[in-house]
Amino acid sequence: MISKHLNRVKSFQAALSAFIVFSLVMLPVKNGYILRWYDEMSIFLSGDIYLNRMLHYPGGILQYAGSWLTQFMYYPWAGSGILIALWVILTLLCDRTWRLREGLRSLSLLPAMFLLASVLVLDEAWVSINYSGYLFAPTLGAICAVLIVLVTRVTGNAWLRGLFLTGCTALFMALGFFALLGVFAGILTMLFREKDHRDRKGTYIMIPIILTAAALVPLLYYNLYPGMTGDSNLIYLEGLPDLLMKRYDLYLWLPFAGMTVSFLMLPCLSVVRKGSTRKADKSVWLAYAMLVATGCYGAIAGQKSEQFRATVLMMQHIDTMRWDKIAYIMGHIKEPPNFTMKIAGNLAAIKMGGGTESVKHNAPTDKTSPRKSEEFLMSAFVNVPVYYHLGNTHGSYRWAMEHSVKYGTRVFYLKYMVRNSIKHGEPELAARYNRLLMNTMFHRQWAEHFQRYIDNPELIKESPEFNSIPNNPSDLSLIHI
C-alpha cells in the first residue's frame with residue numbers, strides 16, 4: 001500500500017520534473033537570445049508616475065510586477081528560472097487546491113503548460129503588444145486566481161465561502177480578468193464539494209449573488225473609478241494581454257483560452273474519485289493524452305521561423321556594430337532572406353565597404369497580419385537602427401518616438417533616442433531619456449557609458465561609434481527599395 005502510494009507520488013513528481021526540463025529547453029536553451037530581445041523591447045519604469053498609471057488599469061498591479069520581473073530576461077537563464085519557479089508554484093497550488101485523484105494529478109500542470117505556450121507563441125507581434133509584463137503578469141494572475149479558490153475550499157461554511165467570493169470581485173481593479181477567473185473557479189469548487197451536502201442550500205443561494213457581483217463590479221469600476229483605462233466592450237477581459245479580436249491574433253489568444261478552460265475543468269475533475277467506474281479509470285489515459293498534446297502544442301509554438309531568428313540576431317549585432325556577423329548570417333541562412341534582413345544586410349555591406357543589393361518590397365495581402373507586415377516591421381524593427389547608422393539621425397529619432405508613443409516606451413527605442421539626441425547636439429534631451437535607462441536594473445551600465453558623452457560633449461569625437469555615423473545621410477540612397 002505504502003509502495004503504491006509512493007509510486008503515484010513519484011509519477012506526479014516525474015511529470016513536474018519533465019515539465020521543468022521541457023521549459024528549460026524551450027526557453028533559455030533554444031530561445032535565450034530571443035528572451036534577451038524581449039527584455040530589450042520592454043522596460044520597467046520606476047517611480048510614482050508609472051505606478052499611478054498602472055493603478056488605473058484593471059490588472060495593472062500584475063503588469064507592474066510582471067514588468068519588473070521581465071528585467072531578469074536580460075540574463076535569459078535567470079529570467080527563465082524565475083518564470084519556471086512561478087509555474088512550479090502554480091502547479092503545486094493547483095494540486096493542493098483541487099486534490100485530483102492519483103491518476104489525474106498531473107493535470108494540475110495544464111495551466112502552467114498553457115502559460116508556457118503563451119510565451120513560446122510570441123514572435124514579431126511582441127513589438128506591437130502594448131502590455132507591460134506580458135511574460136510574467138498572466139502567471140502572477142493565475143497564481144492569485146488559484147489562491148482565491150484555495151481559500152474558498154478551506155473555508156468551512158457555505159455562507160462564508162459565498163461572501164468571500166463576492167468580496168473577491170472587488171479585486172477586479174487589481175487583478176482584472178484573473179479575479180473573475182478565480183471567482184468562477186471558486187463557484188465550481190463550491191458546487192463540487194462533497195464534504196457536507198447540508199451546505200448546498202447556502203451554496204445555491206449565494207451563487208446568484210456572486211454572479212451578479214461579478215457582472216456588476218467591473219462595470220461600476222469602469223463608470224465610477226476616476227481615470228480608469230479600458231475598453232467597455234471587452235471590460236471582463238481587461239487584465240489579459242492587449243490583443244485584438246481578430247483572426248490574425250487567434251494564435252496569441254489560444255494559450256490563454258486553454259489556460260481558462262483548464263482552470264474551469266480542474267474543479268469538475270475533483271469529483272472523480274478512486275474506485276469509480278472504468279470510465280473514470282480511462283480518464284487517466286485521457287489525462288496523459290492531454291498533457292502530451294499540450295506539450296506538442298508548446299513545442300510547435302516554439303518553432304520560430306529562421307528568418308525571425310536571424311532578424312533578431314542581426315538587430316543585436318547592429319547594436320554592437322558587428323557587421324561581419326551580419327554578413328555571416330546573410331551568407332549562411334537556409335531560408336530566403338526577407339525584406340528586413342536584406343535591408344540589414346545592405347547596411348552591413350555599406351559599413352564593410354562593399355556594394356548593396358536591390359531590395360524588392362512585397363505589397364501586403366489581405367492575409368498578412370498587420371503585426372507582421374513588411375511596412376510595420378520595417379518602421380518599428382529596422383528603420384530606427386539602420387537610419388541611425390546611415391546618418392539619417394532625424395529619421396531614426398522620428399521612428400523611435402512614434403513607436404514609443406503608439407506601443408509604449410521600450411529600452412530599444414530609448415537607446416536610439418539617446419544616441420540621436422547626442423548626435424544632434426541636444427544633451428538636455430539625451431539626459432532626459434538616459435535617466436529612464438539609469439533607473440533600470442541591467443541597462444544602467446549602458447546608460448552610464450553614454451552619460452559620459454552627455455556630460456562631456458568633447459568626448460564624442462573620440463567615440464568609435466559616433467565617428468562611424470556619417471554626417472551626410474545621402475548614403476541612405478545606397479539602399480534600393
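Sequence positions, counted from 1, serve as the residue numbers for this chain.
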Shortest non-hydrogen separation from [X] to [Y] and the atoms involved:
{"X": "Asp123", "Y": "Tyr38", "answer": "N-OH, 4.2 Å"}
{"X": "Phe178", "Y": "Ala145", "answer": "O-CB, 3.5 Å"}
{"X": "Ala214", "Y": "Tyr236", "answer": "O-CE2, 3.7 Å"}
{"X": "Tyr131", "Y": "Pro241", "answer": "CD1-CA, 3.4 Å"}
{"X": "Tyr251", "Y": "Val121", "answer": "CE1-O, 3.5 Å"}
{"X": "Tyr388", "Y": "Asn420", "answer": "CD1-OD1, 3.1 Å"}

Main chain of [Y], side chain of [X]: is a donor-acceptor contact present, judged purely on distance under 3.5 Å?
{"X": "His56", "Y": "Asn52", "value": "yes"}
{"X": "Ser463", "Y": "Ile460", "value": "no"}
{"X": "Glu238", "Y": "Pro218", "value": "no"}
{"X": "Trp253", "Y": "Leu244", "value": "yes"}
{"X": "Thr440", "Y": "Leu437", "value": "yes"}
{"X": "Ser128", "Y": "Ala125", "value": "yes"}
{"X": "Arg410", "Y": "Val127", "value": "yes"}
{"X": "Asn223", "Y": "Leu219", "value": "yes"}
{"X": "Asp319", "Y": "Met315", "value": "no"}

Contacts of Glu40 that satisfy side chain to side chain contact (heavy atoms under 4.5 Å, CB included) - sequence neighbours left out:
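In terms of side chain to side chain contact (heavy atoms under 4.5 Å, CB included), with neighbours along the sequence ignored, Glu40 is linked to Arg36, Val411, Phe412, Lys415, His443.
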Which residues pass the side chain to side chain contact (heavy atoms under 4.5 Å, CB included) test with Met441, not counting sequence neighbours?
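For Met441, the residues satisfying side chain to side chain contact (heavy atoms under 4.5 Å, CB included) (neighbours in sequence not counted) are Trp68, Gln71, Phe72.
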Residue pair Val382, Leu347: steps toward the side-chain contact (heavy atoms from CB on, under 4.5 Å) verdict
CA-CA 10 Å; Val382 179; Leu347 171 64; over 6 Å; no
Approximate separation, where rounding is to 0.5 Å, of [X] [atom1] and [Y] [atom2]:
{"X": "Leu414", "Y": "Thr409", "atom1": "CG", "atom2": "OG1", "result": "6.0 Å"}
{"X": "Tyr413", "Y": "Ser396", "atom1": "OH", "atom2": "OG", "result": "10.5 Å"}
{"X": "Glu465", "Y": "Thr320", "atom1": "CD", "atom2": "OG1", "result": "10.0 Å"}
{"X": "Phe136", "Y": "Leu83", "atom1": "CZ", "atom2": "CG", "result": "4.5 Å"}
{"X": "Leu27", "Y": "Leu120", "atom1": "CG", "atom2": "CG", "result": "5.5 Å"}
{"X": "Ile454", "Y": "Ile422", "atom1": "CD1", "atom2": "CD1", "result": "4.5 Å"}

Any side-chain heavy-atom pair of [X] and [Y] under 4.5 Å:
{"X": "Trp126", "Y": "Tyr134", "result": "yes"}
{"X": "Asn383", "Y": "Asn392", "result": "no"}
{"X": "Cys94", "Y": "Leu90", "result": "yes"}
{"X": "Tyr64", "Y": "Ser132", "result": "no"}
{"X": "Pro111", "Y": "Leu266", "result": "yes"}
{"X": "Ser42", "Y": "Met73", "result": "no"}
{"X": "Ile89", "Y": "Leu93", "result": "yes"}
{"X": "Leu110", "Y": "Phe263", "result": "no"}

Students often mix this up, so state it plainly: with edges at 30° and 60°, are the rings of [X] and [Y] parallel, tilted or perpendicular?
{"X": "His389", "Y": "Trp323", "answer": "perpendicular"}
{"X": "Tyr50", "Y": "Phe44", "answer": "perpendicular"}
{"X": "Tyr453", "Y": "Phe450", "answer": "perpendicular"}

Given Met314 and Met330, is the side-chain contact (heavy atoms from CB on, under 4.5 Å) satisfied, shown in steps?
CA-CA 9 Å; Met314 292 170 81; Met330 289 295 292; 3.7 Å; yes
Checking side-chain contact (heavy atoms from CB on, under 4.5 Å) for the pair Ser118/Met259: CA distance, chi angles, key distance, verdict?
CA-CA 9 Å; Ser118 73; Met259 178 202 68; over 6 Å; no
Scan [range] for pairs that pass salt bridge (charged side-chain N to carboxylate O under 4.0 Å, His left out), counting only residues two or more places apart or in two chains.
{"range": "residues 301-314", "result": "none"}
{"range": "residues 445-463", "result": "Arg444-Glu448"}
{"range": "residues 386-407", "result": "Arg398-Glu402"}

If we check ring pair (Phe, Tyr, Trp, His ring centres under 6.0 Å) with Tyr74, which of these qualifies: Trp446, Trp37, Phe442?
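Going through Trp446, Trp37, Phe442 one by one, the ring pair (Phe, Tyr, Trp, His ring centres under 6.0 Å) with Tyr74 is satisfied by Phe442 alone.
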Could you go through Leu92 and Leu16, starting from their C-alpha distance and side-chain angles, then the distance that decides it, and tell me whether this counts as side-chain contact (heavy atoms from CB on, under 4.5 Å)?
CA-CA 9 Å; Leu92 295 176; Leu16 184 58; 4.2 Å; yes
Name all residues meeting the ring pair (Phe, Tyr, Trp, His ring centres under 6.0 Å) criterion together with Tyr328; count only those two or more places apart in sequence or in a different chain, and write none if there are none.
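If we apply the ring pair (Phe, Tyr, Trp, His ring centres under 6.0 Å) test to Tyr328, skipping adjacent residues, the hits are His332.
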